[in-house]
Trainee: 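Before anything else, here's the structure in question.
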Amino acid sequence: MAKAADVEVLHWWTSGGEAAALNVLKEDLKSKGIGWVDMPVAGGGGEAAMTALRARVTAGNPPTAVQMLGFDIQDWAQQGALGNLDAVATAEGWDKVVPAALQRFSKYDGHWIAAPVNVHSTNWIWISKDALDKAGGKAPQNWDDLVVVLDKMKANGITPLAHGGQPWQEATIFDGVVLSEGNDFYKKAFIDLDPEALGGKQMADAFDRLMKLRTYVDDNFSGRDWNLASAMVINGQAGMQIMGDWAKGEFLKAGKKPGVDFVCIRFPGTQGSVTFNSDQFAMFNVQGDDKQKAQAQMASSIESPKFQSAFNVVKGSVPARTDVPDTDFDDCGKKGIKDLAEANTNGTLFGSMAHGHAAPAAVKNAVYDVVTGAFNGKYKDGTEAAQALASAVAAAK
Ligand code: BGC
């Protein structure tokens with residue numbers, strides 16, 4: 001049998017919390033004799049990583065494994081660029097334990113092409129416990145509560161909302177805002193891409209909310225990385241951050257504890273619903289038995305229940321299989337696991353638009369443009385922004 005080669009891995013896990021989680025994977029592979037060649041490309045949401053990937057594939061030299069989200073995986077599979085993990089998936093019974101919502105992206109034409117690492121979700125808020133106590137101590141349950149708490153934080157002399165002005169971060173906030181307009185509305189607008197939902201009254205309202213949130217951000221938000229925004233909440237400069245649960249990885253890395261130093265809540269008005277994204281390692285067509293063997297070993301390591309727990313405890317996400325005990329997870333992690341299972345049963349689990357699980361990249365990018373424009377004052381009101389969104393999506397479809 002050929003000796004396993006090193007794996008070359010392209011990813012965007014470059015923040016402190018992300019690097020700590022990645023290290024769990026590196027060490028796991030190392031213990032099995034698989035070496036790691038690192039190809040980090042910074043930038044949340046993975047846009048820069050996807051650009052770097054295209055260059056490598058065009059040059060005929062793809063990495064072994066690539067961190068990838070939703071529709072991008074399907075896109076590469078359709079182009080015939082991905083390998084086949086059926087042997088390991090069948091031997092280990094992945095079909096039975098990986099939720100169908102993830103398999104929809106991990107399989108193409110009935111074949112396994114990617115190994116899901118986790119499930120993240122975007123409709124979360126991370127609040128400083130101290131800032132919340134000083135603002136009345138009650139976690140906001142709906143939009144009006146949220147505005148009250150943000151106003152109090154402002155009056156208390158801190159930046160109410162920590163935010164990094166990058167299109168994917170604004171789109172991440174917008175996932176929660178749109179979902180707070182209702183489950184059916186989120187589905188109609190972002191999954192079905194219904195022109196009336198995209199351009200109508202409820203979307204106008206969602207944009208008005210987004211523009212309202214803009215008023216709670218500090219002056220230096222443009223271009224700031226998401227983890228620096230998390231740091232503002234961690235060090236007490238800001239009250240809260242609306243961000244996916246990878247933000248929890250930053251709090252944990254800084255030694256902060258849920259319930260003591262910070263509070264995790266669903267975006268007000270979205271309790272019971274989950275907008276998810278799953279990081280998967282898409283396996284590229286590589287030549288040579290040794291490389292293919294390393295790919296299969298990496299995939300097998302990732303899907304092991306023990307690894308799923310160890311990795312996701314650090315990353316802030318929840319396991320990509322349904323049979324992993326929540327024992328080692330903190331309260332936010334336990335809530336994440338429970339919310340995901342319930343949303344899946346109740347039909348309130350939706351792919352995240354911001355993170356490539358609602359629509360293909362062309363549509364997602366069109367949404368990014370309008371959402372960022374709206375956040376930065378391009379439109380006179382929500383109605384104008386909603387009309388722009390409907391046109392942009394129609395052109396991109
Ligand atoms: C990924 C997360 C990552 C975040 C910020 C998301 O798209 O799914 O794993 O931590 O971007 O980099």
Side-chain angles (χ1 to χ4, degrees), residues 9-26 38-53 65-73 101-102 105-106 114-124 126 162-176 223-231 233 241-254 264 274-282 302 308 311-320 332-333 336 340 350-359 361 364-365 367-368 371:
V9 183
L10 195 165
H11 63 90
W12 63 93
W13 286 333
T14 55
S15 77
E18 291 174 330
L22 191 65
N23 215 34
V24 177
L25 178 58
K26 283 187 200 168
D38 205 31
M39 192 181 170
V41 182
E47 259 189 296
M50 291 304 104
T51 305
L53 173 63
V66 180
Q67 178 193 356
M68 214 180 271
L69 297 172
F71 280 87
D72 288 341
I73 306 174
L102 303 195
F105 298 109
S106 336
V117 192
N118 61 13
V119 187
H120 272 301
S121 59
T122 53
N123 58 319
W124 285 107
W126 308 89
H163 176 65
Q166 295 171 347
W168 76 270
Q169 294 190 58
E170 274 121 32
T172 301
I173 296 182
F174 203 54
D175 273 0
R224 177 188 287 140
D225 286 331
W226 68 272
N227 53 313
L228 300 182
S230 307
V233 181
Q241 181 183 22
I242 304 170
M243 189 42 65
D245 40 13
W246 47 90
K248 195 186 76 179
E250 298 306 299
F251 284 85
L252 298 183
K253 185 85 202 336
C264 57
V274 171
T275 41
F276 81 98
N277 62 297
S278 164
D279 292 303
Q280 309 211 14
F281 277 109
I302 287 172
Q308 285 282 323
F311 177 90
N312 287 306
V313 158
V314 179
K315 183 70 172 70
S317 38
V318 306
C332 297
L340 177 66
F350 305 107
S352 155
M353 172 55 84
H355 294 264
H357 282 68
K364 179 188 87 172
N365 291 332
V367 173
Y368 275 20
V371 169

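Each ligand, and each atom within it, is numbered from 1 in the order the structure gives. Predicted, not measured: the structure shown is a model, and the values here were computed from it.
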Trainee: Verify whether one side chain among H355 and T172 offers a donor that lies under 3.5 Å from an acceptor in the other.
Mentor: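 Yes - a donor-acceptor pair under 3.5 Å links their side chains.
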Trainee: Check each of D245, N312, N277, D279 against S317 using the side-chain hydrogen bond (donor to acceptor under 3.5 Å, both in side chains) test, and report the only one that passes.
Mentor: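 Output: one option passes, namely N312.
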Trainee: Please evaluate residues H11 and E18 with respect to the criterion side-chain hydrogen bond (donor to acceptor under 3.5 Å, both in side chains), reporting the C-alpha separation (whole Å), side-chain torsions for both, the decisive distance (0.1 Å), and the verdict.
Mentor: CA-CA 10 Å; H11 63 90; E18 291 174 330; over 6 Å; no
Trainee: Indicate, as side chain, backbone, both or neither, the part of N118 found under 4.0 angstrom from ligand 1 when only non-hydrogen atoms are considered.
Mentor: neither
Trainee: Going by heavy-atom distance to atom 7 (O) of ligand 1, choose the closest among H355, H120, Q67.
Mentor: H355
Trainee: Pull out every atom of ligand 1 sitting under 4.0 Å from any heavy atom of K315, numbered as shown with elements.
Mentor: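 Within the 4.0 Å cut-off of K315, ligand 1 contributes 2 (C), 3 (C), 9 (O), 10 (O).
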Trainee: Please report which non-hydrogen protein atom sits nearest to atom 3 (C) of ligand 1, along with the residue it belongs to and the distance in Å to one decimal place.
Mentor: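 That would be E18 OE2, 3.1 Å.
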Trainee: Does any N or O of ligand 1 fall below 3.5 Å from an N or O anywhere on G43, backbone included?
Mentor: no
Trainee: For the residue pair D225 / Q169, report whether a side-chain donor-acceptor contact shorter than 3.5 Å exists.
Mentor: no
Trainee: Going by the order shown, which atoms of ligand 1 are within less than 4.0 Å of some heavy atom of L69?
Mentor: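 The atoms of ligand 1 under 4.0 Å from a heavy atom of L69 are 7 (O), 8 (O).
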Trainee: Below the 3.5 angstrom mark, is there an N/O of W12, backbone or side chain, next to an N/O of ligand 1?
Mentor: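 Checking ligand 1 against W12, an N or O pair does fall under 3.5 Å apart.
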Trainee: Taking only heavy atoms of G44 into account, list the atoms of ligand 1 that are under 4.0 Å away from them.
Mentor: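 Once the distances to G44 are compared, the set is 5 (C), 12 (O).
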Trainee: Under 4.0 Å from a heavy atom of W226: give me the atoms of ligand 1 that qualify, with their elements.
Mentor: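 Going through ligand 1 atom by atom, the ones under 4.0 Å from W226 are 5 (C), 12 (O).
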Trainee: For atom 1 (C) of ligand 1, find the nearest protein heavy atom and state the residue, atom name and distance (0.1 Å precision).
Mentor: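 That would be D279 OD1, 3.3 Å.
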Trainee: May I ask whether G46 places a heavy atom under 4.0 Å from ligand 1?
Mentor: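 Heavy atoms of G46 never come under 4.0 Å of ligand 1.
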Trainee: Centres of the F105 and F71 rings: under 6.0 Å?
Mentor: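 Ring centroids of F105 and F71 are less than 6.0 Å from each other.
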Trainee: Counting both backbone and side chain atoms, is some N or O of W246 under 3.5 Å from an N or O of ligand 1?
Mentor: no
Trainee: Would you say the side-chain atoms of E250 pair up with the backbone N or O of N227, donor to acceptor, closer than 3.5 Å?
Mentor: no
Trainee: For T122 and T275, which I'm curious about, is there any donor-acceptor pair between the side chains at under 3.5 Å?
Mentor: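 On atom types as modelled, these side chains qualify, holding a pair under 3.5 Å.
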Trainee: Parallel under 30°, tilted from 30 to 60°, perpendicular over 60°: which one fits the rings of W13 and F311?
Mentor: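 Tilted: the ring planes of W13 and F311 meet at 30° to 60°.
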